[in-house]
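This report concerns only the one structure given below.
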Amino acid sequence: MPRYNPKTIEPKWQAFWEKNRTFETSEHPPENSTGKMYVLDMFPYPSGSGLHVGHPEGYTATDIITRHARMQGKHVLHPMGWDAFGLPAEQHAIETGTHPRETTYKNIDNFRRQLQQLGFSYDWTREISTTDEDYVRWTQWIFLQLFGSWYDPDFTWTGPDGKKRTGKGRPIDDLPIPEEIQAEGEDAVRKYQDENRLAYQLEAPVNWCPKLGTVLANEEVTSDGKSDRGNHPVERRNLRQWMLRITSYAQRLITELDDLDWPESVKQLQRNWIGKSTGAEVDFLIKDQDSGISFQNWRANRSKQGFPKQSDEAVLRVYTTRPDTLYGATYMVIAPEHPFASRLTTPEQKDAVEQYIKKTAAKSDLDRTDLAKEKTGVFTGSYAYNPVNGKEIPIWIADYVLLSYGTGAIMSVPAHDERDLEFAQTFDLPVIEVVKPTDEKTPAIGFTGEGTAINSGQYDGTPTAKFKKKIAAWLEENGLGKQAVNFRLRDWLFSRQRYWGEPFPIWHELDEQGNLTGKIRPVDDSQLPVKLPDMDDFAPKGTPEPPLSAAPESWLYMTDEKGVRWRRETNSMPQWAGSCWYFLRFCDNKNSERFIDPEKEKYWMPVDLYIGGAEHAVLHLLYSRFWHKVLFDLGHLQSPEPFHKLVNQGMILGEAELTGYQTVDDKKWVSAKEVTEQDEKFIDKKNGKEVVVVNIDAEDAQKKGSDFVLNSDPSIVIVSRAHKMSKSRGNVINPDEVVEFYGADALRLYEMFMGPLEQTKPWSMSGVEGVYRFLGRVWRMIVDEKNDEQVTLSPAVQDVEPNESQLRILHKTIKAVSKDIEKLSFNTAISKMMEFTNEMSGQKTIPISVMKDFILLLSPFAPHIAEELWELLGSNESLAYAAWPKYDESKLTESEIEIPVQVNGKLRAKIKIAVDADQKTMEQTAREDANVKSHLEGKQVVKVICIPKRMVNFVVKG
RNA sequence: GCCGAAGUGGCGGAAUGGCAGACGCGCCGGACUCAAAAUCCGGUGAGGGUAAUCCUCAUGUGGGUUCGAGUCCCACCUUCGGUACCA
């Protein structure tokens, strides 16, 4: 069997690695270790459809890095596991009656098989699944850490990393209890504590998806108000939910991004998601006929007493980023859910307001945002005083103001805010310009940038930036406002109404009637994990009541030592929970005492390289960082951040397709230039009629200018595009089939050769064929194909000293491949190895030593063929820990090199010169070239630029 | 609208400010073969030219900096991804 046959080689070496436990990470670093290296893939959700070609892309990249690192003497940790809770398994269970556990573990087996046949060097003894009871135990334990803590924003401390921070998550017992609450008794204290926990319950409007039978986090709802999974409609409902106080960590989540080696675009995405804004909170006195507080008295009072921490009933507190526009505030708006809404409504306005609130409450997020761009609202009948000038301004209710941001109330400055202007125009409210743009041509109304103040009393003429500072000081001095920071980030809605997730380790107290008293207590650590009860029916009931509420009584209830009945929390945790800390468990996956041994955490963390899809740029990566910081604050971890270096692999699209458009009835071609997309339909712009998409064979099309056109009618432009792989499009590539046909090495190599790791790129089966042929050439370079019986060395491969040019190409390749691996530039590394092979294959004698080094270079990319050839070249040990070849700079230099000669920057000749030729010689040699001569003829040489080893350029005139 | 990434042959892509198109695919020609597959060798940006180690043009568009720009600067266009009343 002389032909390159991955089908025999690959299983052979996979079995070898398993038997010899080649890739198990030793407890202790190897002798002469050059340090630890933790390389991690984003672990997959083991779906029923198996591995997708997108998975091996990142996994091959990390595999190359780790194999290379081992050969450099690094102590490598490279694990794999499963993010196995989640909707699809449960959905499948509902449809087929199979228990999600069964489906999940079956899918895991399939995924593991698929990954193993790709030859990844994972340490499988560290495999974990988020659904393992041992793992769930610690996920629940971490939840209890959150439950048992509060955030002290003023606490200044220095962490184990030596950095000084302000703000810390601390044990709930350390929470100072205000005297007035202490005085109210034990229940009040407990309630106060509960309200301050990092994990707390809240009655809140949530995204309820009837179809999925669950509430969703904001992040799981698309911008058009559909569920991220399944694209079902989502509506708003008030439900009791568990929330995690991620907003407390907002500032640190922004600040501590700085030291991470992440793509700047991902950092920016997180910053935008957290959305910090600075401005001021300002109190507006409500004009109140009953109390009769006059504006003057209030102002005088405030000057004395200052700005209260909590706003009182007499005022409406707003948040603004533009306190410099206070003089332009002509009305106020509160959110429909604002607690003052009904109180501010006058009897005459009562009907209108009630109707409006009802209407907006029924609106889905979809209606409240995108489609309904026109502003709606209703006047409350009440007024407030503008604190800067005492003017009475009306208070409106409108749903363009959100209760969940800032204070849920705004001052409207229609002249300088797009939304306010639109609203003012709709309801005919006054508009006062208070900022003059620096550019004369720009109209002041609608100008939202910075300029100079007008119509602002004594501040007229002040530039915006300066004005902001001045007015902030003035507000503070007069007790009317203070500087404030707001974040777009909301607390994390952490509960789901689903069966297949981690149960909360929480008990709710019941009174004698069986109603919740509001008192809760955590399950004791020693009782963890709270296992999922065995149930036959886990289907959502279409009501917010979770499936677990139908669990067996023995699971659901307990009676404590005092005879009090308790009921378990029946919500479950979201899928994100398990992925928030799995990288920690990999370091110490069998520890039964702790979630991770502190020494191991100190040794392995942070993850040195983390590769995964860009779709997790905010959610998973933000949640993980949040949990990590909480555990860090509580002293359980020494690393403040989980992932040091992050790389996003690009998406792999289907093969490029040519498509054209035809009329529905008579199948006439319509040029793509005439077609536009509307609501997922394609319309002929000329007549508004629908056209259908038709696939076109590559042979029937040609390129014309920048377009592709039909051969039969070049006036018809067609579209060439690669699309996302999807079942409906039928362009999904199954890795199993690729392996079956070309082998794992070819698949790995191809995925790396396609282009830069981070780039989106289309699949091409003939590209796979190309790298497969390359592996065949490598095989034939070393193996005697004429020998049909067994694998023997090609007669050309001999134990001889390499000549100078062989050494040069070898060392050039070692240098380039080594550098490219470090840069994660795998596509160019492979092309360098192709060049090497092209050059060496033809040679009469090929030194074994050169081949050995080359095989080592190839091994991280195509490990199976490399091991096979390594063995053939005379080794009886795996190459997995062989020393990575080193290049010798002195072997690279050539005595004579070719350099370009330019005249006025245009290439005119190439000359051969000694590598160490001085500038004079270079110029001399260049001038002697016939073509250069002809271009210099009759011209005046103004300047000669000679760059040694590079080029010569003559600058001429005339 | 805002934020981010990217525009280079028929295609995927390569190029510390210094020979544009490495490497691969595809295509064309040749060798081997009775023939085919496989393999090997050569060619392949466009246009001009009898030919050359020749000339012109060419990295989305228009300007600029520079002896020299795919690469740096300014403006614009297009595509893709994310996000959207956040005061």
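Proteins come first, then strands; the chains are lettered A, B, ... in the order of their sequence lines, and each starts at number 1. Because the structure is predicted, anything quoted here is derived from the model rather than measured.
- Under the salt bridge (Lys or Arg N to Asp or Glu O under 4.0 Å) criterion, E655(A) pairs with no residue at all, not counting sequence neighbours.
- The shortest distance between the side-chain N/O atoms of R908(A) and the OP1/OP2 oxygens of rC19(B) is not below 4.0 Å.
- When each of rA87(B), rG24(B), rA14(B) is scored by its nearest atom to the side-chain atoms of M834(A), the top-ranked nucleotide is rG24(B).
- Nucleotide rU56(B) forms a pair with rA46(B), judged by Watson-Crick or G-U wobble geometry with both contacts under 3.5 Å.
- A close approach under 4.0 Å does occur between a side-chain nitrogen or oxygen of N931(A) and OP1 or OP2 of rC54(B).
- Between N838(A) and rA22(B) there is no side-chain polar atom (N or O) within less than 4.0 angstrom of OP1 or OP2.
- With both ends at atom P, the span from rG17(B) to rC72(B) equals 8 Å, rounded to whole Å.
- At whole-Å resolution of the value, CZ in F826(A) and C1' in rG24(B) are 18 Å apart.
- Here G406(A) lies out of heavy-atom contact (under 4.0 Å) with every strand.
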Using the rule given for side chain to side chain contact (heavy atoms under 4.5 Å, CB included), can you reason through R721(A) versus E657(A), listing the C-alpha separation, both sets of side-chain angles and the distance that settles it, and then say yes or no?
CA-CA 5 Å; R721(A) 227 186 91 119; E657(A) 294 170 36; over 6 Å; no
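- A syn base is found at rG9(B): its glycosidic angle is within 90° of 0.
- Separating the CD1 atom of I393(A) from the C1' atom of rA87(B) is a distance of 14 Å, rounded to the nearest angstrom.
- Q919(A) places its CD atom 16 Å from the P atom of rC67(B), with the value rounded to the nearest Å.
- Comparing rU50(B) with rU59(B), their C1' atoms sit 33 Å apart, to the nearest whole Å.
- When the nucleotides rC67(B), rG18(B), rC23(B) are ranked by their closest atom to the side chain of I947(A), rG18(B) comes out on top.
- Counting to the nearest Å, the P atom of rA84(B) and the CG atom of L269(A) are 11 Å from each other.
- Figure legend. rU39(B) is base-paired to rA31(B); pairs are counted as Watson-Crick or G-U wobble with both atom distances under 3.5 Å.
- If you check every strand for non-hydrogen atoms under 4.0 Å, T321(A) touches sugar and phosphate atoms only.
- Taking the six-membered ring for Trp and the full ring otherwise, F826(A) and F753(A) have centroids separated by 6.0 Å or more.
- Under the Watson-Crick and G-U wobble criteria, each requiring two contacts below 3.5 Å, nucleotide rA51(B) is left unpaired.
- Distance check on atom P: rA51(B) versus rG70(B) gives 29 Å, rounded to whole Å.
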Start with the C-alpha gap between V333(A) and I395(A), add the side-chain angles, then the distance that decides, and say whether side chain to side chain contact (heavy atoms under 4.5 Å, CB included) holds.
CA-CA 6 Å; V333(A) 185; I395(A) 303 171; over 6 Å; no
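- Straight-line distance between the P atoms of rU44(B) and rC54(B): roughly 14 Å, to the nearest whole Å.
- The partner of rU83(B) is rG1(B), by the rule that a Watson-Crick or G-U pair needs both atom distances under 3.5 Å.
- A cation-pi arrangement, defined by a distance under 6.0 Å to the six-membered ring centre and an angle within 45 degrees of its axis, is absent between K276(A) and F487(A).
- Taking atom P on both rG81(B) and rG64(B), the two are 36 Å apart, rounded to the nearest angstrom.
- Of the candidates rG13(B), rC80(B), rG18(B), the closest approach to any side-chain atom of Q759(A) belongs to rG13(B).
- Taking the ring centre of W779(A) as origin, the terminal cationic atom of R3(A) falls outside the region bounded by 6.0 Å and 45° from the ring axis.
- Counting heavy atoms of neighbouring residues, nucleotides and ligands inside a 6.0 Å radius, atom CZ of F741(A) does not exceed 12 of them.
- Side-chain atoms of K375(A) come within donor-acceptor range of the base of rC85(B), with a qualifying N/O pair under 3.5 Å.
- Nearest-nucleotide positions on RNA chain B for N272(A) and L489(A) put N272(A) closer to the 5' end.
- Closest to the side chain of Q268(A), out of rG18(B), rC3(B), rA87(B), is rC3(B).
- At the phosphate of rG24(B), OP1 or OP2 sits under 4.0 Å from a side-chain N or O atom of R777(A).
- Under 4.0 Å is where a charged nitrogen must lie from a carboxylate oxygen, and between R322(A) and E450(A) no such pair does.
- To the nearest whole angstrom, the two C1' atoms, one in rU8(B) and one in rA35(B), are 43 Å apart.
- Counting to the nearest Å, the C1' atom of rC23(B) and the CG atom of D820(A) are 12 Å from each other.
- OP1 or OP2 of rC55(B) lies within a sub-4.0 Å distance of a side-chain N or O belonging to H935(A).
- Of the candidates rG13(B), rG68(B), rG24(B), the closest approach to any side-chain atom of N953(A) belongs to rG68(B).
- Remark: R773(A) is in phosphate contact with rG26(B), judged by side-chain N or O atoms under 4.0 Å from OP1 or OP2.
- With contacts defined as side-chain heavy-atom distances shorter than 4.5 Å, the pair T659(A)/I696(A) does not qualify.
- Candidate nucleotides rG82(B), rC19(B), rG18(B) were compared by shortest atom distance to the side chain of M951(A), and rG18(B) ranks first.
- One finds a side-chain N or O of K906(A) lying less than 4.0 angstrom from the OP1 or OP2 phosphate oxygen of rC57(B).
- The nearest whole Å value for the distance from the CD atom in E657(A) to the C1' atom in rG12(B) is 16 Å.
- Of the two residues near RNA chain B, G408(A) and F753(A), the one whose nearest nucleotide lies more 5' is F753(A).
- Residue K943(A) places no side-chain atom within donor-acceptor reach of the base of rC67(B), judged by atom type and a 3.5 Å distance cut-off alone.
- Only the P atoms considered, rG45(B) is 14 Å distant from rC11(B), to the nearest whole Å.
- Here rG7(B) sits opposite rC77(B) as a Watson-Crick or G-U wobble pair (both hydrogen-bonding atom distances under 3.5 Å).
- For N827(A), a side-chain nitrogen or oxygen approaches OP1 or OP2 of rA14(B) to under 4.0 Å.
- Counting only heavy atoms from C-beta on, F708(A) has its side chain closest to rG10(B) among rG18(B), rC67(B), rG10(B).
- Here the separation of rU61(B) from rA69(B), taken at their P atoms, is 15 Å to the nearest Å.
- Contact check, R721(A) against rC80(B): a side-chain N or O comes under 4.0 Å of OP1 or OP2.
- Salt bridge status for R927(A) with E923(A): present, with a side-chain N to carboxylate O gap under 4.0 Å.
- Remark: P of rG13(B) and CD1 of I652(A) are 12 Å apart, rounded to the nearest angstrom.
- Considering only the side chain of D399(A), rC85(B) comes nearest among rG13(B), rC85(B), rC23(B).
- Among the nucleotides rC23(B), rG10(B), rC19(B), the one closest to the side chain of E898(A) is rC19(B).
- Listed pair S277(A) / rA87(B) meets the phosphate criterion, a side-chain N or O lying under 4.0 Å from OP1 or OP2.
- Side-chain atoms of K761(A) lie closest to rG12(B) of the nucleotides rC85(B), rG4(B), rG12(B).
- Q902(A) comes within 4.0 angstrom of a nucleotide base, judged by non-hydrogen atoms across all strands.
- Rounding to whole angstrom units, OH of residue Y405(A) and P of rA87(B) are separated by 3 Å.
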